Q: 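Let me begin by handing over the structure; questions about it come next.
What you see below is based on every heavy atom in this structure, not just the backbone, and it leaves out hydrogens, waters and symmetry mates. Small disclaimer: the values here were computed from a predicted structure and weren't measured.
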Amino acid sequence: MKLNLGWALLGGLPLSLLSNLGGAALANTIEMTVLPTHGPIANCPAGLIAHETSQPYFEGGYATNGMIKLRDVATNIQILQSDDFSTTWVGRLKPEYRHCEASGGMDSIDGEAFQGHSYIRIQLVDGQIRAMLDMTGMADANGFTTVITYQGLREGNPRWTWAGTD
């Protein structure tokens, strides 16, 4: 039997019980930059938030679930294109952000500066936002490219799973 606890319930659990969860994975918070492209800064969002959670270990590989909160700044979000290595979601920017021309990527994970290749990127242009998950050139421990095993939407936000071998 698998027990799924909502995040709201976790906050109400006693510390002793939380420490006994041990194997339960908590989401990493990824702060995304929004860098205007030029000129006077249009009303752009200060940043975006993504979350990733490692799935429990399984023999021979690993997988990570993720999501980015686009619903805060956009509507009508859908998958524009997808293959084994990359997925692009597109949405219509909300009126307050329609004139923002910017791009961005991963800035920090759980408050620590991110120094690697930003495999999650965003573009705000022509009244739209594009969010790209791109595993191209991202190698796992055996030198294989990590692949996207799931891409979709839930509650208006892009969701994904990417995986590799160990």
Side-chain angles (χ1 to χ4, degrees), residues 6-8 10-11 25-55 61-141 143-165:
W7 290 110
L10 286 176
L26 298 177
N28 292 323
T29 299
I30 301 170
E31 293 183 31
M32 307 284 298
T33 59
V34 175
L35 306 169
T37 56
H38 56 75
I41 298 174
N43 190 25
C44 292
L48 292 171
I49 299 292
H51 296 285
E52 285 192 326
T53 304
S54 296
Q55 291 183 7
Y62 59 92
T64 300
N65 299 325
M67 65 87 66
I68 184 168
K69 294 181 178 182
L70 290 190
R71 198 172 79 171
D72 294 345
V73 299
T75 60
N76 301 325
I77 300 162
Q78 57 191 313
I79 293 175
L80 180 64
Q81 76 79 33
S82 183
D83 57 39
D84 288 344
F85 310 114
S86 67
T87 301
T88 301
W89 292 266
V90 65
R92 182 177 170 96
L93 287 168
K94 290 183 176 179
E96 60 267 35
Y97 302 120
R98 287 261 159 81
H99 300 291
C100 176
E101 301 274 329
S103 69
M106 298 166 65
D107 186 53
S108 67
I109 299 177
D110 291 337
E112 293 189 28
F114 179 76
Q115 300 295 323
H117 170 71
S118 182
Y119 55 90
I120 307 169
R121 293 184 305 279
I122 54 171
Q123 297 174 349
L124 296 86
V125 65
D126 295 331
Q128 294 185 326
I129 186 167
R130 291 178 190 237
M132 287 91 48
L133 173 67
D134 188 5
M135 306 313 291
T136 304
M138 300 289 292
D140 66 17
F144 298 112
T145 300
T146 54
V147 294
I148 299 171
T149 59
Y150 170 78
Q151 63 282 330
L153 291 157
R154 192 168 83 205
E155 298 173 1
N157 287 312
R159 303 283 177 149
W160 62 81
T161 301
W162 57 268
T165 64

Q: Start with the C-alpha gap between Asp140 and Thr146, add the side-chain angles, then the distance that decides, and say whether side chain to side chain donor-acceptor pair (under 3.5 Å) holds.
A: CA-CA 6 Å; Asp140 66 17; Thr146 54; over 6 Å; no

Q: Can you tell me how far CD1 of Ile68 sits from CD1 of Ile30, rounded to the nearest 0.5 angstrom?
A: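 Ile30 atom CD1 to Ile68 atom CD1 measures 8.5 Å (nearest 0.5 Å).
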
Q: Kindly say whether the aromatic ring centers of Trp162 and Tyr119 come within a distance under 6.0 Å.
A: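 That pair passes the under 6.0 Å test.
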
Q: Looking at Thr165 and Tyr62, what are the two nearest heavy atoms and their distance?
A: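 For Thr165 versus Tyr62, the nearest heavy atoms are O-CE2, 3.4 Å.
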
Q: Only one of Glu101, Gln128, Met132 forms a side-chain contact (heavy atoms from CB on, under 4.5 Å) with Gln123, so which one is it?
A: Met132

Q: Can you confirm whether more than 12 heavy atoms, excluding those of Phe144, are under 6.0 Å from its CZ atom?
A: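 Not more than 12 within 6.0 Å, no.
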
Q: Arg71 side chain to Glu155 main-chain N or O, any donor-acceptor pair under 3.5 Å?
A: yes

Q: Output the distance between atom OG1 (Thr33) and atom CD1 (Ile122), rounded to the nearest 0.5 Å.
A: 6.5 Å

Q: Kindly check if the number of other-residue, nucleotide or ligand heavy atoms within 6.0 Å of CZ (Arg92) is above 12?
A: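 Count not over threshold, so no.
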
Q: Please find the pair of heavy atoms, one from Met32 and one from Ile120, that lie closest to each other, and give the distance.
A: CE-O, 3.4 Å

Q: Considering non-hydrogen atoms only, spot the tightest contact between Ala74 and Ile129 and give its length.
A: CB-CG2, 3.6 Å

Q: I'd like to know whether Val147 forms a side-chain contact (heavy atoms from CB on, under 4.5 Å) with Met135, so could you lay out the CA-CA distance, the side-chain angles of the two residues, the decisive distance to 0.1 Å, and finally the verdict.
A: CA-CA 7 Å; Val147 294; Met135 306 313 291; over 6 Å; no

Q: Does Phe85 reach the side chain of Thr145, with side-chain heavy atoms less than 4.5 Å apart?
A: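 Phe85 vs Thr145: side chains touch.
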
Q: When you compare the side chains of Asn65 and Thr161, does any donor N or O come within less than 3.5 Å of an acceptor on the partner?
A: yes

Q: Measure the spacing between CZ of Arg98 and CG of Asn43 and express it to the nearest 0.5 Å.
A: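 These two atoms lie 12.5 Å from each other.
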
Q: Quick one: pull up CE in Met138 and OG1 in Thr136 and give me the separation to the nearest 0.5 Å.
A: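 Spacing of CE (Met138) from OG1 (Thr136) equals 10.0 Å.
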
Q: Testing the basics here: between Asp72 and Lys94, what is the closest heavy-atom pair and its distance to 0.1 Å?
A: O-NZ, 3.5 Å

Q: Roughly how far, to the nearest 0.5 Å, is the OG atom of Ser86 from the CG atom of Leu133?
A: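 Here the rounded value is 8.0 Å.
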
Q: Could you walk me through whether Leu93 and Leu124 pass side-chain contact (heavy atoms from CB on, under 4.5 Å), step by step?
A: CA-CA 8 Å; Leu93 287 168; Leu124 296 86; 3.8 Å; yes

Q: Taking atom types as modelled, find out whether Gln151 and Trp89 have a side-chain donor-acceptor pair closer than 3.5 angstrom.
A: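 Note: Gln151 and Trp89 side chains miss the donor-acceptor criterion.
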
Q: Any heavy-atom pair between the side chains of Cys100 and Pro45 that's under 4.5 Å?
A: yes

Q: Does some side-chain heavy atom of Arg130 sit less than 4.5 Å from a side-chain heavy atom of Leu80?
A: yes

Q: Going by the rule salt bridge (charged side-chain N to carboxylate O under 4.0 Å, His left out), which residues pair with Asp107 if we only count those two or more places apart in sequence or in a different chain?
A: none

Q: At what distance, to the nearest 0.5 angstrom, does CD1 of Ile148 lie from CG of Asp83?
A: 7.0 Å

Q: Does His99 NE2 have over 12 foreign heavy atoms under 6.0 Å away?
A: no

Q: Where do Asp134 and Arg121 land on the side-chain contact (heavy atoms from CB on, under 4.5 Å) test, with the steps shown first?
A: CA-CA 8 Å; Asp134 188 5; Arg121 293 184 305 279; 3.2 Å; yes

Q: If you look at every heavy atom in Ser118 and Met106, which pair is closest and at what distance?
A: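 Ser118 and Met106 have their closest heavy atoms at OG-N, 2.8 Å.
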
Q: Might you point out which heavy atoms bring Leu70 and Ile77 nearest each other, and give the distance in Å?
A: CB-CD1, 3.5 Å

